[in-house]
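Take a look at the structure set out below.
Quick note on labels: first sequence line is chain A, next is B, and so on, each numbered from 1.
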Amino acid sequence: MNVLAELRRRFAAALAPWVPDPAALAELAGMVRISQDPKFGDYQANCAMPLKQRLNRASRDIATDLVAALKVNDLCHPPEIAGPGFINLKLRDDFLAAQLNHALADPRLGIAATGSPGAAPRRRFVVDYSAPNVAKPMHVGHIRSTVIGDALSRTLRFAGHEVITDNHIGDWGTQFGMIIYGYKHFRDEGAYRANPVAELARLYKLVNRLVDYHDGRARLPELAQKLAAQESQLKTAAAEPLPTEKNALKKAQQALRRLETQVRETGEALTALRASLAAVEGDAALAGPLAAHPKIATAVLAETSKLHVGDAENLALWREFMPPCLEEIARIYRRLGVTFDHTLGESFYQDRLSGVVADLKKHGLARESDGAVCVFLDGFDIPMIIQKQDGAFLYATTDLATIQYRVSEWHPDAILYVVDHRQSLHFEHLFAAVQQWNKASHLWGDQNLELMHLRFGTVLGEDRRPIRTRSGESVALESLLDEAIRKAFDVVSTKDDAKPEGAELLADERRRIADVVGIAALKYADLAQNRESDYIFSYDKMLSLEGNTATYMQFAYARVRNIFAKGQIADAALAKLSAPVNLSQPTERALALELLRFSEALDACIADYRPNHLTAYLFELAGRYSNFYNECSVLQADDPATRDSRLRLCDLTARTLRQGLALLGIDVIERM
RNA sequence: GUCCCCGUAGCUCAAUUGGAUAGAGCGUUGGCCUCCGAAGCCAAAGGUUAGUGGUUCGAAUCCACUCGGGGAUACCA
């Protein structure tokens with residue numbers, strides 16, 4: 001049972017005579033909360049105060065009447081009224097014990113599935129996440145979308161929703177023009193045969209560097225000119241006498257500061273550009289290709305465009321490259337334990353794009369402007385371009401086609417996009433456009449379709465700039481995984497060697513544990529910190545195995561399981577225990593209360609699609625278990641009834657931790 | 001220029017979406033293994049929630065302005 005939801009229902013019933021408006025009633029009933037401080041009880045209701053004005057009475061009196069009308073004595077001790085009218089509720093121990101019994105007997109731990117009585121209605125979700133570019137190695141920037149999307153999908157599914165996951169991979173863009181060009185001009189046949197993915201990655205990097213180089217050369221004069229202009233502007237501004245009037249002075253100083261920043265930033269950009277050009281020029285291996293391919297940028301675009309119009313040679317190459325590229329990302333997903341129901345990338349939608357454009361034109365939603373086909377939308381300064389002057393389609397076009405496909409094939413209630421926040425404007429455009437399109441063309445009709453951009457912050461380095469290695473490339477995702485596992489292995493070995501009775505793990509088992517612990521740490525660091533602001537990447541933090549980490553929960557789990565192992569209590573024996581749970585010790589009661597909040601944590605996680613509610617809950621639960629573990633002996637309890645009661649608390653704790661972590665895509669181990 | 005996001009302990013982040021004395025982790029200081037696993041537990045120090053005004057029973061949260069940071073900004077994705 002979701003105790004919070006039940007209390008809200010009880011309050012709604014008690015409030016109904018005073019509050020006829022259903023919306024207002026729901027809002028007031030929603031003011032039942034978990035208490036922040038145990039001294040205020042387990043839950044508190046804050047709805048008396050807002051009624052003060054509506055009823056024109058003292059809020060404390062309202063609280064008194066409300067408590068009189070409230071029927072909760074099967075759940076709680078008599079409510080207490082505090083301060084201006086806070087109503088504090090404390091659950092009865094016999095109620096807690098009964099709920100624990102129920103959860104213990106249920107494989108779903110007492111969590112009602114959607115669609116069942118009293119639970120939320122079942123919905124169908126499409127979750128779009130990860131979406132890497134398959135032509136280049138996955139890097140650290142891909143981890144957030146992948147891990148968050150996976151956790152949300154698992155959580156929604158467990159709650160009872162229908163979930164369709166779809167990896168919208170980048171398999172049709174300019175990157176393929178680059179590797180096709182690279183393959184035609186620079187490939188090492190032997191290397192390609194031996195390891196196609198590695199060779200293609202090398203070619204991608206090589207071509208990318210050459211293109212960047214020529215691009216940089218072309219930009220250099222412009223940038224230098226810009227700097228000179230800004231410098232002279234600054235000089236002129238600085239030479240002018242400062243105004244004496246206070247506001248004007250402030251403005252002038254501000255303008256000066258802004259100019260100084262501009263000059264500094266342009267100067268830095270220029271220096272960086274010169275350095276990168278010099279690096280390429282100083283690289284003997286690049287001298288030949290550089291001289292021989294001066295027009296590489298346009299040539300790459302030409303290869304891309306040949307692919308798009310169906311050129312036989314390029315299409316054949318693309319078909320040849322795709323399997324190893326897909327196998328490469330599949331390998332990473334296997335290591336992460338991430339799966340998808342579908343992998344329908346950009347290429348899948350190519351033959352639908354012209355139809356999308358035609359349909360939008362037909363309904364008057366799109367028109368030509370400066371040679372490009374644009375969708376102009378109310379409330380936006382700029383249009384969304386769906387076809388370029390040269391006839392090429394854009395990612396906006398693909399995204400429209402993708403929605404069209406998803407609604408016609410899958411009929412979802414919601415589509416969730418787990419994507420970097422920098423694409424916010426794109427999604428605002430896209431959602432606005434598709435709503436218009438639906439009105440004109442009945443893509444999904446009158447039913448409600450929730451389109452949601454679940455944005456997250458960019459992964460930045462510790463210098464607050466996009467994460468890079470010393471050589472200037474993004475950190476490969478795989479090297480991060482290796483590092484996480486390597487570090488976990490060191491810690492596992494150290495801890496095992498230090499055990500009082502000597503090491504107990506074989507090398508093989510240590511490796512298996514390190515795998516689980518390392519990947520878990522990596523995922524958890526991301527899930528626990530799901531904010532919309534940027535994310536400072538730090539090896540130390542991401543791979544930490546202490547404090548609020550997945551390791552903490554895994555450790556708590558292993559300690560529970562160790563009790564069962566020491567006591568030689570099999571799972572079957574645990575399941576047969578039926579002794580009433582006794583909550584006389586404060587740490588027992590606190591643990592029990594936390595165990596029953598699992599359902600609330602899941603609801604919160606789903607309500608705003610934020611796994612960090614779940615991580616916070618699991619951290620809290622593991623903490624309560626640690627307190628209990630320190631205070632209460634289980635195997636050496638004073639009497640058999642207490643022992644059995646505590647064994648049952650341990651059992652439910654272990655199962656809740658295991659289930660909660662599983663929803664985050666994190667495994668547990670029996671020993672570590 | 002315009003629009004969007006953000007500013008909370010030394011650092012990285014929470015705060016149940018307007019509730020009571022703003023909480024964790026890391027780091028710092030001190031304590032706890034003869035006792036089911038110390039990857040743990042307990043305690044201490046650390047805050048004008050960037051600032052000013054407003055809204056109300058009540059503000060980190062909502063509104064206005066100021067300061068500071070980031071992002072986006074017609075033909076990359």
Side-chain angles (χ1 to χ4, degrees), chain A residues 4 30-31 33-37 39-40 44 46 48-50 52-53 58-59 82-86 88 131 133 170 173-175 250 254 346 369-374 380-390 392 394-396 398-399 420-426 428 455 457-458 460 464 491-492 494-495 498-501 517 525 528-529 531-536 538 540-541 544-549 551-552 554-556 558-560 562-567 600-601 603-604 607-608 612-613 616-617 619-620 622-623 626-627 629-637 646 650 671-672:
Chain A
L4 182 58
M31 290 179 160
R33 304 276 155 79
I34 295 168
S35 294
Q36 270 186 6
D37 191 322
K39 80 178 177 208
F40 299 133
Q44 60 173 295
N46 306 328
M49 286 83 79
K52 189 177 156 179
Q53 285 202 322
S59 49
F86 292 104
N88 294 333
N133 222 309
T174 315
Q175 337 77 355
K250 219 165 118 188
Q254 202 177 355
E346 293 170 336
S369 170
D370 289 345
V373 181
C374 302
F380 292 94
D381 295 334
I382 49 166
M384 179 169 75
I385 298 179
I386 55 174
Q387 190 169 19
K388 304 202 299 186
Q389 281 179 334
D390 63 7
L394 296 107
Y395 75 130
T398 312
D399 280 355
D420 192 299
H421 77 281
R422 284 174 295 186
Q423 294 195 35
S424 295
L425 177 62
H426 166 65
E428 284 174 35
R455 57 173 121 172
T458 316
L460 302 177
R464 301 204 67 102
V491 174
V492 169
T494 311
K495 300 289 181 186
K499 278 175 187 164
E501 285 119 46
V517 170
Q529 189 186 309
R531 270 191 100 196
E532 294 186 358
S533 55
D534 288 342
Y535 172 109
I536 313 273
S538 138
D540 284 345
K541 189 185 165 199
S544 166
L545 304 180
E546 287 173 3
N548 184 1
T549 61
T551 316
Y552 182 77
Q554 291 170 322
F555 182 62
R559 289 205 295 190
V560 183
N562 193 47
I563 289 177
F564 300 153
K566 280 259 159 71
E600 294 166 16
D603 283 357
D608 42 6
N612 65 316
H613 283 126
Y617 168 77
F619 181 56
E620 188 72 21
S626 279
N627 297 339
Y629 184 87
N630 281 356
E631 299 283 322
C632 301
S633 285
V634 178
L635 296 174
Q636 277 88 41
R646 288 179 180 166
C650 286
R671 294 195 297 175
M672 58 191 281

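Across all strands shown, A:C650 has no heavy atoms under 4.0 Å from either base or sugar-phosphate atoms. Residue A:S59 is classed as having no contact, given no heavy-atom separation below 4.0 Å to the nucleic acid. Residue A:N88 is in base contact, counting any heavy-atom pair closer than 4.0 Å across all strands shown. A:S626 comes within 4.0 angstrom of sugar-phosphate atoms only, judged by non-hydrogen atoms across all strands, and of no base. No engagement by A:M384 is indicated, since no non-hydrogen atom pair under 4.0 Å with the nucleic acid exists. A:Q389 comes within 4.0 angstrom of a nucleotide base, judged by non-hydrogen atoms across all strands. Using a 4.0 Å heavy-atom criterion, one finds that A:S369 contacts the bases of the nucleic acid, with or without backbone contacts as well. No contact: A:E600 has no heavy atom under 4.0 Å from any strand. Across all strands shown, A:L635 has heavy atoms under 4.0 Å from base atoms, whether or not it also approaches the sugar-phosphate. No contact: A:Q175 has no heavy atom under 4.0 Å from any strand. Using a 4.0 Å heavy-atom criterion, one finds that A:P84 contacts no nucleic acid atom at all. Using a 4.0 Å heavy-atom distance criterion, A:A616 is classed as making no nucleic acid contact. When heavy atoms are screened at a 4.0 angstrom cut-off, A:Q44 is found touching base atoms of the nucleic acid. Note on A:I34: a base of the nucleic acid sits closer than 4.0 angstrom, heavy atoms only.
For A:N562, a side-chain nitrogen or oxygen approaches OP1 or OP2 of B:rG37 to under 4.0 Å. One finds no side-chain N or O of A:N630 lying less than 4.0 angstrom from the OP1 or OP2 phosphate oxygen of B:rC32. At the phosphate of B:rC5, neither OP1 nor OP2 sits under 4.0 Å from any side-chain N or O atom of A:R422. Between A:K52 and the phosphate of B:rC57, there is no side-chain N or O to OP1/OP2 separation shorter than 4.0 Å. For the pair A:R33 and B:rG19, the criterion of a side-chain N or O lying under 4.0 Å from OP1 or OP2 is met. Within the 4.0 Å cut-off from OP1 or OP2 of B:rA22, not a single side-chain nitrogen or oxygen of A:Q36 is found. For B:rC76, the OP1/OP2 oxygens have a side-chain nitrogen or oxygen of A:K388 closer than 4.0 Å. Applying the 4.0 Å criterion to OP1 and OP2 of B:rC36, one finds that A:Q636 has every side-chain N and O outside that range. Note on A:Y552: every side-chain N or O is 4.0 Å or more away from OP1 and OP2 of B:rA24.
Although no hydrogens or angles enter the test, the distance criterion places no donor-acceptor pair under 3.5 Å between the side chain of A:R455 and the main chain of A:Q423. A:S59 places a side-chain N or O within 3.5 Å of a backbone atom of A:P84 that can act as its donor or acceptor partner. With hydrogens and angles disregarded, a donor-acceptor distance shorter than 3.5 Å links the side chain of A:S544 to the backbone of A:E546. In this structure a side-chain-to-backbone donor-acceptor pair under 3.5 Å is missing from A:E346 to A:Y395. In terms of modelled atom types and a separation under 3.5 Å, the side chain of A:E600 and the main chain of A:L4 share a donor-acceptor contact.
Between B:rC5, B:rC75, B:rG37, one nucleotide has an atom nearer to the side chain of A:R559 than all others, and that is B:rG37. Minimum atom distance to the side chain of A:M49 is reached by B:rC57, of the listed B:rC57, B:rA20, B:rC26. Nearest to the side chain of A:P50, among B:rG19, B:rU17, B:rA24, sits B:rG19. Of the candidate nucleotides B:rG37, B:rC75, B:rC5, B:rG37 has the atom nearest to the side chain of A:K566. Each of B:rC57, B:rA74, B:rA15 was ranked by its minimum atom distance to the side chain of A:H613; first place goes to B:rA15. The listed nucleotides are B:rC4, B:rA20, B:rA74; the one nearest the side chain of A:C374 is B:rA74. Comparing atom distances between the A:Q529 side chain and each of B:rA38, B:rU12, B:rC5 picks out B:rU12 as nearest. Of the candidates B:rA74, B:rC13, B:rA39, the closest approach to any side-chain atom of A:I382 belongs to B:rA74.
A straight line from CG of A:N612 to P of B:rG23 spans 19 Å, rounded to a whole angstrom. Across the protein-nucleic acid pair, A:K541 atom NZ and B:rC26 atom P stand 12 Å apart, rounded to whole Å. At whole-Å resolution of the value, CG in A:N627 and P in B:rA38 are 14 Å apart. If you measure from atom CG of A:L545 to atom P of B:rG25, you get 16 Å, rounded to the nearest angstrom. Taking atom CG on A:L394 and atom C1' on B:rU73, their separation rounds to 16 Å, with Å as the unit. Atom NE2 of A:H426 is separated from atom P of B:rC5 by 19 Å (rounded to the nearest Å). Protein atom CD of A:Q423 is 15 Å distant from nucleotide atom P of B:rC76, rounded to whole Å. B:rC33 atom P lies 15 Å from atom OH of A:Y629, rounded to whole Å.
Of the two residues contacting RNA chain B, namely A:E346 and A:E428, the nearest-nucleotide position lying further toward the 5' end is that of A:E428. Place A:Q53 and A:V491 on RNA chain B by their nearest nucleotides, and A:V491 ends up nearer the 5' end.
Between the C1' atoms of B:rU8 and B:rA59, the separation comes to 14 Å (whole Å). B:rA50 and B:rG7 have their C1' atoms separated by 6 Å, with the value rounded to a whole Å. Here, B:rA39 and B:rU21 have their P atoms 38 Å apart, quoted to the whole Å. Spacing of C1' atoms, B:rC65 relative to B:rG18, comes out at 22 Å, to the nearest Å. Distance check on atom C1': B:rA45 versus B:rC3 gives 44 Å, rounded to whole Å. Comparing the same atom, C1', in B:rU2 and in B:rU61 gives a spacing of 27 Å after rounding to whole Å. Annotation: B:rC26 and B:rG37 have their P atoms spaced 22 Å apart (nearest Å). Rounded to whole Å, the separation between the P atoms of B:rU48 and B:rA22 comes to 12 Å.
Among all heavy-atom pairs drawn from A:C374 and A:I385, the shortest one is SG-CG1, 3.9 Å. Here the closest non-hydrogen pair linking A:G170 and A:N133 is O-OD1, 3.2 Å. Across all non-hydrogen atoms, the minimal contact from A:H613 to A:A604 is ND1-O, 3.3 Å.
Rounded to the nearest 0.5 angstrom, A:D399 CG and A:I386 CD1 are separated by 12.5 Å. The line from CD of A:Q529 to NZ of A:K541 is 3.0 Å long, rounded to the nearest 0.5 Å.
By the stacking rule of 5.5 Å between ring centres and under 30° between planes, A:F86 stacks on the base of B:rA20.
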(message) Show me the dot-bracket string of RNA chain B, counting Watson-Crick or G-U pairs under 3.5 Å, with | for pairs to another strand and [ ] for crossing ones.
(response) (((((((..((((.....[...)))).(((((.......))))).....(((((..]....))))))))))))....
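At least one side-chain heavy atom of A:K388 sits less than 4.5 Å from a side-chain heavy atom of A:L394.
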